[in-house]
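Working notes, beginning with the structure itself.
Computed over heavy atoms, backbone and side chain alike; hydrogens, waters and symmetry mates excluded. Throughout, protein chains are lettered first and strands after them, A, B, ... in sequence-line order, and every chain is numbered starting at 1.
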There are 2 protein chains.
Amino acid sequence: MKAKVHVMFKEGVLDPQGKAVSHALAALGFKGVNEVRQGKYIELDLDEKNPDKARQSAEAMCKQLLANTVIETYAIEITE
Amino acid sequence: MKAKVHVMFKEGVLDPQGKAVSHALAALGFKGVNEVRQGKYIELDLDEKNPDKARQSAEAMCKQLLANTVIETYAIEITE
């Protein structure tokens, strides 16, 4: 199975990368950009064939390594 | 509209972040992880109400700023 993981800053946590992108887009002349948020996207190719177990495994990986759950949230999508 | 942009290294381009995550997961005792690829995920909140124009605008942003098209690919999803 594949696990697709998005890690984003929680609402209210300052997102300096997003702010930098927002300012850079404005400097390049792009108008009408209200907000930019930047996060991480991680694709994991897992041996596990059971979707539930793959999700459990990906959850554990997020909690232990991929996300800092104090300031970040994660979303996991399991696909073939 | 919102534009959700994924930026990943092209196939064949060395992905040092993915490799580092892969090694760290192995060191933490996670087994059965074949491959890890890490990329950027950017959410843009745009004033534009027309989905086609929003996509055009996001495409231009990717080419000019968000992705280095020599070594990276991007995918754009437009939502409400």
Sequence-distant partners of A:A3, side chain to side chain contact (heavy atoms under 4.5 Å, CB included), two or more places apart = A:L44, A:L46, A:A58, A:I78
Supply the atom-to-atom distance A:I76 CD1 to A:M61 CE, rounded to the nearest 0.5 angstrom.
-> 9.0 Å
Does B:I71 belong to the same Ile/Leu/Val/Met/Phe/Trp/Tyr cluster as B:L65, with side-chain heavy atoms less than 4.5 Å apart forming each link?
-> no
Pairs meeting criterion ring-ring contact (aromatic ring centres under 6.0 Å, His included) with involvement of residues 47-70 of chain A, two or more places apart | none
Is B:F9 linked to B:V5 within one hydrophobic cluster, defined over Ile, Leu, Val, Met, Phe, Trp and Tyr using a side-chain heavy-atom separation of less than 4.5 Å?
-> no
How far does CE of A:M8 sit from CD1 of B:I42, to the nearest 0.5 angstrom?
-> 9.5 Å
Below 3.5 angstrom, are there any donor-acceptor pairs between chain A and chain B, and if so, which atoms and how far apart?
from  : atom 1 : to    : atom 2 : distance (Å)
A:H6  : NE2    : B:H6  : NE2    : 2.6
A:G32 : O      : B:D47 : N      : 2.7
A:N34 : N      : B:D45 : O      : 2.7
A:N34 : ND2    : B:D47 : OD1    : 2.9
A:E35 : O      : B:D45 : N      : 2.8
A:R37 : N      : B:E43 : O      : 2.9
A:R37 : O      : B:E43 : N      : 2.8
A:G39 : N      : B:Y41 : O      : 2.7
A:G39 : O      : B:Y41 : N      : 3.0
A:Y41 : N      : B:G39 : O      : 3.0
A:Y41 : O      : B:G39 : N      : 2.7
A:E43 : N      : B:R37 : O      : 2.8
A:E43 : O      : B:R37 : N      : 2.9
A:D45 : N      : B:E35 : O      : 2.8
A:D45 : O      : B:N34 : N      : 2.7
A:D47 : N      : B:G32 : O      : 2.7
A:D47 : OD1    : B:N34 : ND2    : 2.9

